[in-house]
2 protein chains.
Amino acid sequence: MSTAALPDAFLQAISEGFPPDFLTREPSELAEYGRDWTRVYAPAPVAIAFPRTTDEVARLLALCNAHRVAVVPSGGRTGLAAGAVAAKGELVLSLRRMNRMDPVDLLGNTVRVQAGAVTEAVHQHCAQHGLTWPVDFASKGSSHVGGNIATNAGGVKVIRYGLTRQWVLGLQVVTAQGQVLELNGALEKNNTGADLRQLFIGSEGTLGIITEATLKLTRLPGKQEVFLFAVPDVAAVLRLFRDARQAPLLLSAYEFFTDKCLARVQRHRKLRSPFDAPSGCYVLVEAEATDAAAVEAWLSSLFERGLVTDGTQAQSASQAAELWALRESISESLSATGLPHKNDISLPISALESFCSELDQFFRARYPSWEICLFGHIGDGNLHVNVMKPDTLEKAEFLAHTKQADHDIFSLVRKYGGSISAEHGIGLLKKDYLSYTRAPAELELLRTLKRAMDPHGILNPGKILDT
Amino acid sequence: MSTAALPDAFLQAISEGFPPDFLTREPSELAEYGRDWTRVYAPAPVAIAFPRTTDEVARLLALCNAHRVAVVPSGGRTGLAAGAVAAKGELVLSLRRMNRMDPVDLLGNTVRVQAGAVTEAVHQHCAQHGLTWPVDFASKGSSHVGGNIATNAGGVKVIRYGLTRQWVLGLQVVTAQGQVLELNGALEKNNTGADLRQLFIGSEGTLGIITEATLKLTRLPGKQEVFLFAVPDVAAVLRLFRDARQAPLLLSAYEFFTDKCLARVQRHRKLRSPFDAPSGCYVLVEAEATDAAAVEAWLSSLFERGLVTDGTQAQSASQAAELWALRESISESLSATGLPHKNDISLPISALESFCSELDQFFRARYPSWEICLFGHIGDGNLHVNVMKPDTLEKAEFLAHTKQADHDIFSLVRKYGGSISAEHGIGLLKKDYLSYTRAPAELELLRTLKRAMDPHGILNPGKILDT
């Protein structure tokens, strides 16, 4: 993509109104800032802008709007759906330089940060006061708060804390026209008409660009107990879930994985299972427990009532880390031991058992030689479906098959009222499948809103849906 | 308002396509369904429609849209901002007949109900399973779930559970065009573009009419401890708040009221204060406490550290009810002992002390003879400011003064980044003041959305803002 794609008048205005280091067209920067963790689309941005202030973002967007320059907002670029990919000559607007964190408000339990603040840096900033922003996942060392909000990020602690949406009090957003909106300030309660803040959370930068946020904080959690249980099948995973939710525990994670996932983790990472006998499924539970005796009684009763076939409780931080490693090494182990095709779906919890059973039947009937590795945050209805390429199949043939299989999987997702993207978002990667989760009337309303808010379509065009 | 205001073709279509008892123009029904608990505007609806199904709502709205008939959606009519008032010949659409509650989903902890289900009926429906929909306030015996959602209702438990928004998984909404949207089903996680559900929550029926909802449920809370503390002033209320949030307690209410409120409660209800000496402010704390010894140590430390001047813990359910009665009788006692002018505002918690101090100075300087009764859910930054009419002032003169005073109060609210309506909404009552909380760019975006979604302005016209 040549820089000729940017109008001269636009470049002139940039050179007159912004610092000399505002824009770069250096090839290595174009390659780096033109994509996220989704390695499917070749990056091809026309240039990268690095604003330092909201005012610069506002003036830049007003110019882009006037000159019809397409803009891709860019945070920590850890996305997995190509929401931050600039593959068609767009201008990338990186929030990297906007990483200011204000002092923590210890009366309100809030902190105001710029969008480019790194998630883990925010955790560290707040932890010294015994507080945390409970948005937590593997990529927190790179991801930005602005990106977390624009994608309404999930993670392993959603069962206790909910999604990112719940932890954002105020947003500063720049519109396609370059207007700065200050939405909701630092207020817990504000019933003054439609909550515009909510529109920008999870819309992947297609409606406005988040420049600052007032984050809601909470106390750091108490000591966590970690358990691993062996159960025969998905039905048993769900029976145990229902029971655990009524147990004397404050759940912060309820994760499951199948024997096939464990086998690949063991092959790749040489980790040992704590159990002697193999089992169909495993459940990792993390929870706060204030009454140790009550927890012990609950644990014994699990065996007596036949809810688990085996189980162990970590007796130390290192044992807890070992149990977590079994779950957290899955993604890496699948990639290291084969070629996985990934889907990140969600279902109503009450539909999970039937869905998994039909999914199993479908693969057995249509692709009997494929290995399916299931795992996920099952307490939130979130299932990661990983299909492994059989050794006998060429990669291209496998990908052609998975494309077709995705239509079948998503038909099943639709049948059970699920979502084709639980956490990762739509971006470019899932755009063609959006109608499996969103009905025509919803898609039309999404388009109506997009056209009303961004009539020239300059904000992250082509992401989520075409307008 | 004469029924002639409804076009003949519209009435014809109603009589042909709907049951005979679908529409009423009976004067007593017009008076009853034409207003909510806000006793300021005379009800003047043209007719009341009582649909039984979503399909009827959809067909009705399509007709209203075609014939430009204005519609006021109507739930339990417990609103305090005239959001459900039909004062200008609108057609009232009552959801009263749509009160179906499905069986509770005990695996997903959800329940699907129609919009007309009464809040307290939902509580009873779920309590038999040890579950609750934690949206709770004084009017729950009359209010509807649909109205709770359309106004994003708050209440006394927000500090623990958050607002209604947090407890709605799925929404079925009928648009101005009569399209039925099924938004988010029963999913905890669904990252597939802008979350349209959020647009309808809290927009007071101006963007669509909620017909069904899938509610998220939680375990019934454990045993609650109730404390009442005496502290000298608002600064001390906030110091204690900060401390209580770090105490070995799971707070479910942190309420405060001033000596002036208590005096009127004592006059009207003949209730006794548990304390011998009077104090400037009182704080009611309700919390779950699993570690009784730790709570006792915390309580003693409050006295040692001078955080409270007096305090008591309820030793029984009846004592807890007595303490709660002091707080819950305030509204009624103010009205019984005088004429209060009410405001329901919110501030960032860290701004409360300065705000209250400036508010006090303002009234002392400008209206020295007025009695100001402050109370509220101070843990959420929510303050009820009640100005009592002095005996020496005529009512009309008082109201003229309060109208002017409101502008001054709201200027102060704006200065501190607060909201002119924490819980009650805007409706007709606060419309003229909306710009104190919403900036011009926000108001313009609200209008853009309204025009895009309801181009003929048939949905609750004139509520929140004019378009």
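First the proteins, then the strands, lettered A, B, ... as listed; each starts at 1. Side-chain atoms are counted along with the backbone in the values below, which use heavy atoms only and exclude waters and symmetry mates.
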Do the non-hydrogen side-chain atoms of [X] and [Y] ever get within less than 4.5 Å of each other?
X: B:L199; Y: A:L199; value: yes
X: B:E188; Y: A:N382; value: no
X: A:L196; Y: B:L449; value: yes
X: A:Q198; Y: B:I201; value: no
X: B:T437; Y: A:N190; value: yes

Heavy atoms only: give me the nearest [X]-[Y] pair and the separation to one decimal.
X: B:E182; Y: A:E442; result: O-OE2, 3.3 Å
X: A:L207; Y: B:A194; result: CD1-CB, 4.3 Å
X: B:R219; Y: A:A247; result: NH1-O, 3.0 Å

Any idea which of A:L163, A:L445, A:L238 has the most non-hydrogen atom pairs under 4.5 angstrom with chain B?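 Highest number of heavy-atom pairs under 4.5 Å: A:L445.
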Count the heavy-atom pairs under 4.5 Å between each of A:R245, A:K430, A:R239 and chain B, then report the option with the highest count.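 The candidate making the most pairs under 4.5 Å is A:R245.
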If you count heavy-atom pairs within less than 4.5 Å of chain A, which of B:H424, B:R197, B:M453, B:K463 leads?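 Answer, by heavy-atom pair count under 4.5 Å with chain A: B:M453.
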Contacting moiety of A:N109, where chain B heavy atoms sit under 4.5 Å: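 Both parts, heavy atoms under 4.5 Å.
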Let me know if A:L347 has heavy atoms under 4.5 Å from chain B in its side chain, its backbone, both or neither.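 When you check distances to chain B, only backbone atoms of A:L347 fall under 4.5 Å.
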Using modelled atom types only, decide if a donor and an acceptor are shared between the side chain of B:S350 and the backbone of A:G108 within a distance under 3.5 Å.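 No; judged by distance alone, with no hydrogens or angles, the pair does not exist.
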For A:S203 and B:G193, indicate whether the former's side chain and the latter's backbone hold a donor-acceptor pair under 3.5 Å.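 No, A:S203 side chain to B:G193 backbone: no donor-acceptor pair under 3.5 Å.
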Under a 3.5 Å threshold, yes or no: a donor from one side chain and an acceptor from the other, between A:N191 and B:S421?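 Their side chains do not contain a donor-acceptor pair, so the 3.5 Å distance test is not met.
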